[in-house]
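Below is one structure, written out as structure tokens; the observations come after it.
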Amino acid sequence: MDKTFNPQAIEQKRYQAWEDKGYFKASGHGDPYCILLPPPNVTGSLHMGHAFQHTIMDALIRYHRMKGDNTLWQCGTDHAGIATQMVVERQLNAENKTRHDLGRDAFVDKIWEWKDHSGGTITRQMRRLGTSPDWEREAFTMDDDLSDAVREVFVQLHEEGLIYRGKRLVNWDPVLHTAVSDLEVVNEEENGHMWHMRYPLADGSGELIVATTRPETMLGDTAVAVHPEDERYKAMIGKEIKLPITGRLIPIVADDYVDQDFGTGCVKITPAHDFNDYDLGKRHNLEMINVFTADAKINDVAPKKYQGMDRFDARKVIVEDLESAGLLVKIEDHKLKVPRGDRTGAVIEPYLTNQWYVAVESLAKPAIEAVESGEIRFVPENWNKTYYQWMYNIQDWCISRQLWWGHRIPAWYDDNENVYVGRTETEVREKHNLADDVSLRQDEDVLDTWFSSALWPFATMGWPKETPELETFVPSSVLVTGFDIIFFWVARMIMMTKKFTGKIPFKDIYITGLIRDEQGNKMSKSKGNVLDPIDLIDGIELDTLVDKRTKGMMQPQLAEKIAKRTRKQFPEGIDAYGTDALRFTFAAMASTSRDINFDMGRVEGYRNFCNKLWNASRFVLMNTEEHDTGKDGGKMTLSLADKWIWARFQHTLAEFEHALKDYRFDIAAQAVYEFTWNQFCDWYLELSKPVLNSDASTDAQKRGTRHTLVNVLESLLRLMHPFMPYITEEIWQRVAPLCGKQGESIMVEAFPEIDATKQDEQVLADIEWVKSFIVGIRNIRGEMDISPNKPLSVLLKNASEKDKARLALSEGFLAKLAKLEAIDLLDANDKGPASATALVGDMEIMIPMAGLIDKDAELARIAKSLEKIEKDYARTEGKLSNDNFVSKAPEAVIAKEKEKLEDFKRQIDKLKEQKDTIENL
RNA sequence: GGACGGUUAGCUCAGUUGGGAGAGCACCGCCCUUACAAGGCGGGGGUCACUGGUUCAAGCCCAGUACCGUCCACCA
């Protein structure tokens with residue numbers, strides 16, 4: 001084995017072997033355990049959020065697989081309608097072509113071509129991360145099976161009247177030329193203006209001043225609204241305005257919606273271009289005049305002058321025209337929320353079109369109940385409030401998109417615009433008795449990508465066919481995902497799965513935190529703070545990293561700043577930390593907090609941890625390979641340390657499993673780390689050396705220690721495997737045979753089980769005694785500047801029978817670890833020579849000072865600990881002298897305090913005694 | 001406007017039912033001790049944001065304040 005752990009050397013070959021052997025498939029026996037991978041976009045590449053969530057899912061999957069469960073990780077990718085279409089369109093644009101040059105069929109073919117060729121990036125990267133989903137079941141939301149499910153759901157919902165078509169105001173993306181759902185619109189506050197415009201009354205008797213942030217929409221105004229109680233305008237209700245520029249006559253209406261105190265108290269109403277105006281228009285039966293084209297230019301309803309102008313150009317011209325007509329009162333600066341498409345960033349336009357909708361109310365009810373009843377559990381629990389808040393106010397879902405890539409809506413129209421819904425055109429004709437010569441054309445639109453994602457829990461299991469998987473793996477065990485898609489995806493899966501299977505889709509929903517940069521900023525290309533998980537695994541040169549962060553930016557002017565910051569933060573580039581270190585980092589950071597600031601220092605720390613494990617294993621192997629490890633029998637005597645490390649391991653194992661049950665991966669990781677480094681390496685390996693290296697040890701003792709070394713390590717590797725699959729496999733292959741194990745791979749071994757016979761509190765206490773003995777001496781050495789190499793003779797004062805018994809059990813350990821050449825007991829009344837002392841319970845360890853220890857230094861050391869203990873003593877005494885405390889606190893607490901007090905007292909007495917002795921030298 | 005988080009060591013974060021403030025990194029000192037310098041041994045460092053309350057006892061429970069953040073809705 002190399003002296004330093006080198007992840008590159010092992011990862012690839014191990015993964016290939018696992019996949020080739022089919023270890024990722026569900027075993028078919030045991031309790032079902034299933035996780036559904038949130039299907040990443042087929043266009044996507046692995047980002048830190050994926051890597052984090054996939055690590056957690058893989059840890060759970062590997063754990064349950066090792067526990068013997070019938071474990072399935074269902075994976076796949078999402079066709080990601082808009083994202084994918086945009087990627088391929090950009091490629092066409094580069095060739096100076098548009099999708100319209102190709103036509104729909106050719107364009108869709110082109111996307112499939114792209115998918116076959118380039119769609120595998122993210123699944124390749126998942127493999128680098130060591131994830132173990134059942135790749136043979138990998139699904140794609142546009143696969144035939146899933147498409148069948150989509151059509152089936154659509155038709156059934158339509159038959160029940162839960163899918164309908166309607167002409168309504170929708171969120172329209174004028175760049176993509178498609179409707180989008182509410183969730184795909186992001187509202188951000190931006191600086192804008194408020195224009196105050198004069199609207200003259202038709203009878204010439206006066207005017208109203210309206211305030212608007214969108215003057216160009218005045219072309220479509222069909223009313224002016226005032227509050228019914230507004231004294232200023234009450235008299236004008238019912239009169240007409242002569243709309244400037246168009247000259248149309250529009251009514252003044254009264255409506256509660258108007259806020260008297262905002263703006264002028266007069267609102268221009270444009271029902272075709274504003275959601276609130278739309279509602280108001282319906283209440284008042286107003287005309288709806290659409291003045292925009294699909295790309296948000298002024299259409300031919302408007303006066304000739306404005307036709308064909310972009311909406312923002314038209315705004316300028318209209319404001320100018322109003323101004324020159326003396327109709328512009330003033331322009332104020334005004335902050336407003338601007339709706340933008342989450343994909344394009346284009347300002348979304350409320351736009352009147354025909355779309356398909358899902359009526360969600362009846363679907364939402366059982367979905368809410370599933371969470372309220374506790375059948376589905378959010379972890380952390382608080383997320384259910386977010387879920388309820390949205391679900392209680394849920395709006396009908398616009399599911400049609402004017403795109404080419406996606407599931408085409410299974411609806412056909414005849415020449416009279418009658419609509420027929422069915423699984424196929426043939427079915428439609430049969431069902432509606434349409435003769436072959438009736439021409440039918442299919443709806444041009446496709447479905448929202450999230451429509452098919454909503455079916456993921458059952459469509460991937462074969463629905464609508466009745467399959468064994470549907471029976472076994474619905475509901476799945478846990479959904480691991482981010483809070484950003486609770487509405488988009490989680491809620492809709494619950495609704496659809498309840499509706500079509502009658503079952504819940506998953507029992508637990510573990511909501512992970514969001515990975516941010518070390519300062520808490522969101523990682524984004526424009527901030528130039530994105531980390532690629534693969535770069536953390538493989539490492540990356542500084543120049544390459546700078547290139548990656550600054551190439552192809554939307555705002556190239558930021559490039560220089562980003563380059564500079566990157567060079568400052570990573571002067572040497574990024575080290576190759578390896579998959580296991582990265583995974584362990586993610587596990588260790590997965591606490592309950594909703595934001596996770598990714599700290600490179602931790603990756604480095606856990607890389608060091610891998611190296612520590614590697615070298616500890618090297619030590620174990622050096623001392624066991626080609627030696628008798630007791631695997632074939634033979635008498636074995638276990639040392640105190642051997643028994644202790646087993647007892648300690650039981651604790652760690654219990655803590656790990658308990659933490660995993662609560663999805664506290666941070667606690668689980670911490671437990672493993674602490675055991676491995678602070679117990680196994682720092683103490684047990686050191687404690688094994690005296691046994692292995694001493695001529696006085698018997699074969700049985702050596703065999704016992706070797707057996708323990710190799711078997712504890714082997715168990716530990718299995719414990720760690722879910723977090724760190726590669727390094728544990730690599731080492732296990734060498735270690736397992738020394739334990740007499742024949743298995744092919746650690747990943748199909750059983751997870752360690754708690755062995756009650758190895759839980760031994762007495763042994764744990766004994767080693768604590770040994771440790772404090774050794775630490776006491778090391779402390780004196782450290783503070784008194786006594787070289788660790790200098791052998792010391794120590795005297796023990798006030799040793800009890802128990803101390804003596806423990807001494808007998810551990811003399812070899814003490815001699816070696818504290819580097820002692822002699823340990824002698826003092827008689828009860830012998831004060832002994834002037835010494836530096838350490839306390840182990842009531843026993844004093846004395847290191848005679850003669851020629852070794854400076855008087856003042858030792859006095860200072862005593863003063864320091866005396867000060868500390870006296871403070872503790874005072875606090876405890878204060879408590880116990882408080883009548884309220886003594887009369888009201890539980891007895892156990894009081895007893896504990898009393899015990900503490902006595903302990904402090906004893907320590908103080910001994911320290912004072914020491915002080916006197918030394919002062920009198 | 002509504003909902004939900006956060007504030008603990010220089011940094012990133014734990015702190016389970018209230019009962020002697022923790023980890024990693026960073027820092028200081030000593031050490032290349034035959035697994036590991038990506039290491040070993042020892043050490044320093046915190047008014048637990050603030051105010052008040054409950055309690056014998058509060059980082060933890062309650063009320064309020066300040067600051068930071070997220071989501072939803074939205075006034076033209």
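Numbers restart at 1 for each chain; the letters A, B, ... are given by sequence-line order, proteins then strands.
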Specify the separation, in whole Å, of atom CD of A:Glu655 and atom P of B:A14.
17 Å

Whole-Å distance, A:Arg516 CZ to B:G69 P, equals 10 Å

Identify whether any heavy atom of A:Arg778 sits under 4.0 Å from a base atom; if not, whether one sits that close to sugar-phosphate; answer base, sugar-phosphate or nothing.
sugar-phosphate

Looking at A:Ile209, is its backbone amide N or carbonyl O close enough to the side chain of A:Thr264 to form a donor-acceptor pair, meaning the two atoms are under 3.5 Å apart?
yes

Looking at every strand, decide which applies to A:Glu686 at a 4.0 Å heavy-atom threshold: base, sugar-phosphate, or nothing.
base

Any donor-acceptor pair under 3.5 Å between the side chain of A:Lys612 and the base of B:C36?
yes

Select base, sugar-phosphate, or nothing to describe what A:Asp682 touches, counting heavy atoms under 4.0 Å on all strands.
sugar-phosphate

Ring-plane angle category for A:Phe487 and A:Trp390, please: parallel below 30°, perpendicular beyond 60°, tilted otherwise.
parallel

Under a 4.0 Å threshold between the charged nitrogen and the carboxylate oxygen, would A:Asp662 count as salt-bridged to A:Arg664?
no

Using a heavy-atom cut-off of 4.0 Å across all strands, would you classify A:Ser593 as base, sugar-phosphate, or nothing?
sugar-phosphate

Of the nucleotides B:G19, B:G69, B:U12, which one has an atom closest to the side chain of A:Asp599?
B:U12

Selected nucleotide, minimal atom distance to A:Gln389 side chain, candidates B:G24, B:G2, B:A76
B:G2

Does A:Lys816 have a side-chain nitrogen or oxygen under 4.0 Å from the phosphate oxygens OP1 or OP2 of B:U33?
no

Of all the nucleotides listed (B:A38, B:G43, B:A14), which has the minimum atom distance to the side chain of A:Asp666?
B:A14

When all nucleic acid strands are considered with a 4.0 Å heavy-atom cut-off, which category describes A:Phe487: base, sugar-phosphate, or nothing?
sugar-phosphate

Rounded to whole Å, the CG-C1' distance (A:Asp517 to B:C13) equals 16 Å

From A:Thr652 OG1 over to A:Gln670 CD, what is the distance, rounded to the nearest 0.5 angstrom?
11.0 Å

Minimum-distance nucleotide (side-chain atoms of A:Lys864 versus B:G43, B:G69, B:A14)
B:G43

Can you tell which of B:G24, B:A14, B:G19 lies closest to the side chain of A:Ala889?
B:G19

Nearest whole Å is fine: how far is B:C71 P from A:Lys337 NZ?
10 Å

Between B:U16 and B:C61, how far is it from one C1' atom to the other, in whole Å?
15 Å

Quick check: does any side chain N or O of A:Ser865 sit under 3.5 Å from a backbone N or O of A:Arg861, one acting as donor and the other as acceptor?
yes

Contact class for A:Cys681 (heavy atom, under 4.0 Å): base, sugar-phosphate, or nothing?
base

For a quick test of reading the model: is some side-chain N or O of A:Asn597 closer than 4.0 Å to OP1 or OP2 of B:C13?
yes

